[in-house]
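Structure, as C-alpha cells:
Note: hydrogens, waters and symmetry copies are ignored here, and every other heavy atom, side chains too, is used.
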Amino acid sequence: MTSKHTPPTGPLGLPKLPAKYASVVMPLFLSVIMTCIISLVSTLRGVGLADGFLVLWLGSWGLSWVIAFPVLLLVLPLVRKATAAVVQMP
C-alpha cells in the first residue's frame, strides 16, 4: 500500500506556504490589521458615523494599506537591526 504525502494545511484548508515566505506574509498581515484599525479610528474622528461612512472608511483603508505594506517591507530590516541593538538575542 502506498501512502500519499499531503502537505500541511492552514485555517482555510489551503496548503501552507513554505517558510521562506514568512518575511512577506508577516508584514502583510501586520499592515492589514494596523491600517484597518488606524483608518477606522481616523475616519470616525474625521466624519463620525455619517452617511456613507463605510465607503469612506474602506477607501481610506485601501489607500493606507497600499502605502503601508511596501513601507513595512522596506523598513523591516532596519527595525530588526534596531531591535537586535537593544534586545539581548538568543
Side-chain angles (χ1 to χ4, degrees):
M1 176 157 54
T2 59
S3 67
K4 234 181 167 181
H5 172 70
T6 56
T9 58
L12 299 175
L14 299 171
K16 286 189 173 186
L17 295 171
K20 68 181 180 180
Y21 293 106
S23 64
V24 175
V25 172
M26 190 275 301
L28 172 70
F29 288 154
L30 182 62
S31 66
V32 167
I33 294 166
M34 291 298 295
T35 56
C36 172
I37 294 167
I38 297 301
S39 64
L40 175 67
V41 170
S42 180
T43 305
L44 272 173
R45 287 198 41 111
V47 299
L49 286 174
D51 288 340
F53 171 80
L54 186 61
V55 172
L56 286 171
W57 170 52
L58 291 176
S60 295
W61 184 12
L63 178 61
S64 299
W65 182 81
V66 164
I67 295 167
F69 182 55
V71 168
L72 248 172
L73 291 176
L74 290 173
V75 301
L76 200 53
L78 298 171
V79 172
R80 284 189 180 117
K81 286 181 184 180
T83 301
V86 297
V87 173
Q88 189 175 22
M89 304 304 278

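The shortest side-chain heavy-atom distance between L72 and L30 falls under the 4.5 Å cut-off. Residues W57 and L54 have side chains in contact (heavy-atom distance under 4.5 Å, counting atoms from C-beta outward). Considering only heavy atoms from C-beta on, F69 stays 4.5 Å or farther from L74 through its side chain.
Of the possible polar contacts, none joining the S42 side chain to the I38 backbone as a donor-acceptor pair under 3.5 Å is found. S31 contributes a side-chain N or O that, together with a main-chain N or O of L28, makes up a donor-acceptor pair within less than 3.5 Å.
A continuous path of ILVMFWY side-chain contacts below 4.5 Å connects F29 to Y21, so both sit in one hydrophobic cluster. Residues I33 and L40 do not share a hydrophobic cluster, clusters being chains of Ile/Leu/Val/Met/Phe/Trp/Tyr side chains in contact below 4.5 Å. Under a hydrophobic-cluster definition in which Ile, Leu, Val, Met, Phe, Trp and Tyr are linked whenever side-chain heavy atoms come within less than 4.5 Å, directly or via other members, V41 and F53 are assigned to different clusters.
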### Query
Could you go step by step and tell me if L14 and T9 meet the side-chain contact (heavy atoms from CB on, under 4.5 Å) rule?
CA-CA 5 Å; L14 299 171; T9 58; over 6 Å; no
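Minimum interatomic distance between M26 and L76 (heavy atoms only, all atoms of both residues): CE-CD2, 3.7 Å. The two residues S23 and L73 have their closest heavy-atom pair at O-CD2, 4.1 Å.
Expressed to the nearest 0.5 Å, how far SG of C36 lies from CG of L58 amounts to 9.0 Å.
Between W65 and W61, the distance from one ring center to the other does not fall under 6.0 angstrom.
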